[in-house]
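Both backbone and side-chain heavy atoms feed into the values below; hydrogens, waters and symmetry mates do not. Keep in mind that this is a model prediction, so the values were computed, not measured.
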Amino acid sequence: MLGTTQLEQNHSPSNKQVPQKTFAALGTLLLAVLLLIIVPLVESLHGGVLWGLNYHSPKFMSQVGDALALVKLIALCTGVYLLFTQQGTFRHLFKSKWMSIILSSVLAIVALIQIAIGLIGVLIDATLGTNQDYFHKEFAIGNNTIYVFTADPGAMGTAYHYFYLKCPLPLNRYELKFIEKTIWVWELELKASDIGFDVFNQRGEFKYRVSLGEEGCG
């Protein structure tokens, strides 16, 4: 009877010892949750798509960013699902129950904030970002490539053009060097000038003269 009682105690649900394989599985699961929540956060905080990869063209990277936003939302939702469904089992990884609760709470808050911001971003992109050719333009001016980003919030504010010198990098990458910011011109066109380029509207009317100054890709 004593041997049977001891065996039952060792296999009792109240026994806090976790088998090594189970502990490793829980650790792997927690690591997956951390990656699903923290990696999207780090990528978003960098400010550039895929940590400033800058591959091919700004227009292409914008399209990658739109697709990546959906991928991050899926990852975050998966992380939150695992966090809430496995919260009880994660407690086996920590000696203190409160440490598990605090970690889970912080991860949940970080993930839910990202999801809320991500949903807003996806909705804005779906509303304003359908015409990529309008927001991203490139012009060949002499030996230079001028990239123009149009920031147009619609009725919510004033639209602007941001002019950059697009410089080639190895492996089909690029670097953008800011030149100037101007008030919005509908369907703008650029023509080379002796100091840089001139900006015209869709009717061929002169609007701005932009100087490249000492800016170059060398």
Considering non-hydrogen atoms only, spot the tightest contact between Gly216 and Cys167 and give its length. O-SG, 4.3 Å
For residues Leu107 and Ile38, determine if any side-chain heavy atom of one lies less than 4.5 Å from a side-chain heavy atom of the other. yes
Distance from Leu176 atom CG to Tyr164 atom OH, nearest 0.5 Å? 7.0 Å
Run the side chain to side chain contact (heavy atoms under 4.5 Å, CB included) test on Leu53 and Val64 for me, step by step, so that the C-alpha distance in whole Å, both residues' side-chain angles and the decisive distance to 0.1 Å come before the verdict. CA-CA 11 Å; Leu53 177 63; Val64 171; over 6 Å; no
Between atom OH of Tyr134 and atom CD of Glu187, what is the distance when rounded to the nearest 0.5 Å? 8.0 Å
Which of Ile37, Leu30, Leu29 passes side-chain contact (heavy atoms from CB on, under 4.5 Å) with Leu82? Answer is Leu29
Could you go through Leu165 and Ile146, starting from their C-alpha distance and side-chain angles, then the distance that decides it, and tell me whether this counts as side chain to side chain contact (heavy atoms under 4.5 Å, CB included)? CA-CA 5 Å; Leu165 184 63; Ile146 305 299; 3.9 Å; yes
Within 45° of the axis and under 6.0 Å from the centre of the six-membered ring of Tyr147, does NZ or CZ of Lys166 qualify? no
Backbone N or O of Pro58 within a donor-acceptor pair of the Ser62 side chain at under 3.5 Å? no
Residues Lys207, Glu189; criterion side chain to side chain contact (heavy atoms under 4.5 Å, CB included); working and verdict: CA-CA 10 Å; Lys207 289 296 181 180; Glu189 291 292 336; over 6 Å; no
Mind checking the CG-CD1 spacing from Leu212 to Ile195? Nearest 0.5 Å is all I need. 8.5 Å
Might you point out which heavy atoms bring Ser57 and Glu138 nearest each other, and give the distance in Å? CB-OE2, 3.5 Å
Any side-chain heavy atom of Asn172 sitting closer than 4.5 Å to one from Tyr55? yes
Shortest non-hydrogen contact from Phe84 to Ala108? CZ-CB, 4.1 Å
Parallel, tilted or perpendicular, as decided by the 30° and 60° cut-offs, for the rings of Phe200 and Phe206: perpendicular
Is it true that Tyr81 and Val110 fall in one hydrophobic cluster, defined by side-chain heavy atoms closer than 4.5 Å? yes
Nearest non-hydrogen partners of Glu43 and Gly48, listed with the distance: OE2-O, 3.4 Å
Would you say the side chain of Arg209 lies within less than 4.5 Å of the side chain of Asp194, judging by non-hydrogen atoms? yes
Within-4.5 Å side-chain heavy-atom neighbours: Thr145 and Tyr174: no
Are the side chain of Ser211 and the backbone N or O of Gly213 linked by a donor-acceptor pair below 3.5 Å? yes
Look at the side-chain heavy atoms of Ile, Leu, Val, Met, Phe, Trp and Tyr, link any pair under 4.5 Å apart, and say whether Ile117 and Val122 land in one connected group. no
Can you check whether Asp133's main-chain N or O pairs, donor with acceptor, with Lys59's side chain at less than 3.5 Å? no
Name of the residue among Leu188, Val185, Asp198 meeting side-chain contact (heavy atoms from CB on, under 4.5 Å) with Tyr208: Val185
Got more than 12 heavy atoms from elsewhere within 6.0 Å of CG, Asn143? no
In Å and rounded to the nearest 0.5 Å, what is the CD1 to CD1 distance from Ile120 to Ile115? 12.5 Å
Would you please indicate if the ring centroids of Phe197 and Phe163 are separated by under 6.0 Å? yes
Minimum heavy-atom separation for Ile141 and Gly196, please, with both atom names. CG2-O, 3.7 Å
Under 4.5 Å between any side-chain heavy atoms of Asp66 and Gln132, yes or no? yes
From Leu36 CG over to Leu41 CG, what is the distance, rounded to the nearest 0.5 angstrom? 13.0 Å
For side chain to side chain contact (heavy atoms under 4.5 Å, CB included), just list the numbers for Asn54 and Leu169, CA-CA rounded to whole Å, side-chain angles, deciding distance to a tenth of an Å, and then say yes or no. CA-CA 9 Å; Asn54 288 353; Leu169 294 177; 5.9 Å; no
Answer with yes or no whether the hydrophobic clustering places Leu103 together with Ile113; edges join I, L, V, M, F, W, Y residues whose side-chain heavy atoms lie under 4.5 Å apart. no
Do Ile183 and Tyr160 have side chains that approach each other closer than 4.5 Å (heavy atoms only, starting at C-beta)? yes
Mind checking whether Trp184 and His161 have parallel, tilted or perpendicular rings, split at 30° and 60°? parallel
Please say yes or no: joined through hydrophobic side-chain contacts below 4.5 Å, possibly via intermediate residues, are Val39 and Leu83 part of one cluster? yes
If every non-hydrogen atom of Phe178 is compared with every non-hydrogen atom of Tyr162, which pair is closest and at what distance? CE1-CD2, 3.9 Å
Donor-acceptor side-chain pairing of Gln114 and Ser44 below 3.5 angstrom: no
For the hydrophobic clusters of this structure (ILVMFWY residues joined by side-chain heavy atoms under 4.5 Å, transitively), does one cluster hold both Val42 and Ile74? no
In Å and rounded to the nearest 0.5 Å, what is the CD1 to CG distance from Ile179 to Asn144? 8.0 Å
